[in-house]
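As structure tokens, the structure follows; a few thoughts come after it.
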There are 2 protein chains.
Amino acid sequence: MKFIIFGAGAIGSLFGALLSTKNDVLLVGRKEHIEAIEREGLKIEGITKGIFHPKTKWDGSRYDVVILTTKAYDTKKALEEILHKFGKIPVLSLQNGLKNEEMITEIIGEEYAIGGITSHGATFLRAGKILHAGTGETVIGELNGRITERIEEIEEAFNTCGIDTRISTDIKKEIWKKAVVNVVINGLTSLLRCKNGELLKSRHAEETMEKICTECIEIARAEGIGIGEEIIDKTKEVAKNTAENISSMLQDIMKGKKTEVEEINGEIVRIAKKHGINACINEFLFKMIKAMENVRHLG
Amino acid sequence: MKFIIFGAGAIGSLFGALLSTKNDVLLVGRKEHIEAIEREGLKIEGITKGIFHPKTKWDGSRYDVVILTTKAYDTKKALEEILHKFGKIPVLSLQNGLKNEEMITEIIGEEYAIGGITSHGATFLRAGKILHAGTGETVIGELNGRITERIEEIEEAFNTCGIDTRISTDIKKEIWKKAVVNVVINGLTSLLRCKNGELLKSRHAEETMEKICTECIEIARAEGIGIGEEIIDKTKEVAKNTAENISSMLQDIMKGKKTEVEEINGEIVRIAKKHGINACINEFLFKMIKAMENVRHLG
């Protein structure tokens, strides 16, 4: 297949590298990163090791799918660029947040939107060099739940290249489940400035994880998404399995970079408000992370 | 008058020093601190400057009042020691927290309990040496609101020694007002690891201050304490006036010492529960500070 990776940061570059072994892959990303790849190839370390050679210049030909891997706060701008440059083309979002598919629908068109999540963990080491830090399942699906030819083709292309992937007939629910895990783990580790596994070392942190999940379940249900209490165990399991990881949000805070807190924690709060749900803990968590962006902290 | 300072930390030593110029003052505190005072006198720097010579050994004579200045988590133990050593004697608490007067009543007796708060700020620099960092009003009062002879005598003794003091006929309300300010400022600065004034630099932090105050007003009212919305402005004013201060709770966290979070934030949560009030933000704030005690944070 022919894939465009749009937003070749850590995750995008990892997928691009893996897919490039058996597919035509065009990477679109920051100038410095793309130039390093053109000079020395795309270096992957960690779980996957090697130097990969995806394309970095568009030859004008038609591609099958755009895999969108920008930060969620850049989705709108990215989609406008995609539409402008490549025209109407299927877009598979593998991003954080709850609004990416809605934005693809709005900007490119409903039939072009494909949902996805991935549990792979990757870190951007420097221009041209990515660490493949964690492995896990990738789930993709059509928003209407149908098993289409294109979704099967993408699944096969992914699996053939070593990206363990399954199709979901309820991808919105999968996206929500990942979002809830992110709300809790990114949110609390940012506030407590700790690695993911530390959340399980404090009874009070664990109780708070449960309470945030419980609020999220109510918010999801109001939105028509049937998530149950199993999300509590799922969240704890992710914290346990990624115990030594520093969440992406905390990494951004520590680097003084913009976080996805608006698209992760903020979005849950907005959806709760829309439905008149009192999401007290999520609101406080969101506001505290926003406050962290403005106050000088003492270390 | 004859004062015993029980728990001569920063605030206790400051009061002991000031009162010792015109009163018989006996300091009871940690061995190292007392020994340093016996060797070189009690050194005060900052707003008050000088070397003071309170007594450090009890001659067995009867004292008029114990000024209790231990950390709030040590109140019970302190009162048992006071009762054992000095017998039934009036005790004026100048501590943080909401339960000190109740404990004096329980352990020494109702007629011996005197309430108080102070806005002085002091820092323990080293054994024998205290920094007088901030100045402000001291308020004392009988729990039943009466203007008694002893409360007037204490007020006069304090004022004569330069401790700006007034008598309140509703000292419980004054204690609650200080507790709410502490709940907000100690709590939020600990969570955000910032100086007091930083809370006013983030719209989200300021909104959260307001919400915590609003919960506290409801909790206070359920307890029969008539605090109104003026506490919101009061809290912001304190944050502004102490902008460069590091709150005592955050100081304790940064030194790895036990905090008064149970007696400040925890107590508000327990009182809310007792009255069936949903104190969601206070509960979350309390749990996050408790969690901070157990998780390794990354700086």
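Reminder, nothing fancy here: chain letters follow the sequence lines and each chain counts from 1.
The line from CG of Leu298(B) to CD1 of Ile253(A) is 11.5 Å long, rounded to the nearest 0.5 Å. To the nearest 0.5 Å, atoms CG (Leu191(A)) and CG (Leu192(B)) are separated by 7.0 Å.
Neither the backbone nor the side chain of Leu200(B) comes within contact range of chain A; no heavy atoms are under 4.5 Å apart. Only the side chain of Leu188(A) comes within less than 4.5 Å of a heavy atom in chain B; its backbone stays farther off. The parts of Leu285(A) that come within reach of chain B are both its backbone and its side chain, each placing non-hydrogen atoms under 4.5 angstrom from that chain.
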Scan chain A against chain B and return every donor-acceptor pair whose distance is under 3.5 Å.
{"from": "Arg193(A)", "atom 1": "O", "to": "Leu298(B)", "atom 2": "N", "distance (Å)": "2.7"}
{"from": "Glu198(A)", "atom 1": "OE1", "to": "Arg296(B)", "atom 2": "N", "distance (Å)": "2.7"}
{"from": "Glu198(A)", "atom 1": "OE2", "to": "Arg296(B)", "atom 2": "NH2", "distance (Å)": "2.8"}
{"from": "Glu207(A)", "atom 1": "OE1", "to": "Lys287(B)", "atom 2": "NZ", "distance (Å)": "2.9"}
{"from": "Lys211(A)", "atom 1": "NZ", "to": "Glu283(B)", "atom 2": "OE2", "distance (Å)": "2.8"}
{"from": "Glu283(A)", "atom 1": "OE2", "to": "Lys211(B)", "atom 2": "NZ", "distance (Å)": "2.9"}
{"from": "Lys287(A)", "atom 1": "NZ", "to": "Glu207(B)", "atom 2": "OE1", "distance (Å)": "2.8"}
{"from": "Arg296(A)", "atom 1": "N", "to": "Glu198(B)", "atom 2": "OE1", "distance (Å)": "2.7"}
{"from": "Arg296(A)", "atom 1": "NH2", "to": "Glu198(B)", "atom 2": "OE2", "distance (Å)": "2.8"}
{"from": "Leu298(A)", "atom 1": "N", "to": "Arg193(B)", "atom 2": "O", "distance (Å)": "2.7"}

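Applying the disulfide (SG to SG under 2.5 Å) test to residues at least two apart or on different chains, none of the pairs has a partner in residues 185-266 of chain A.
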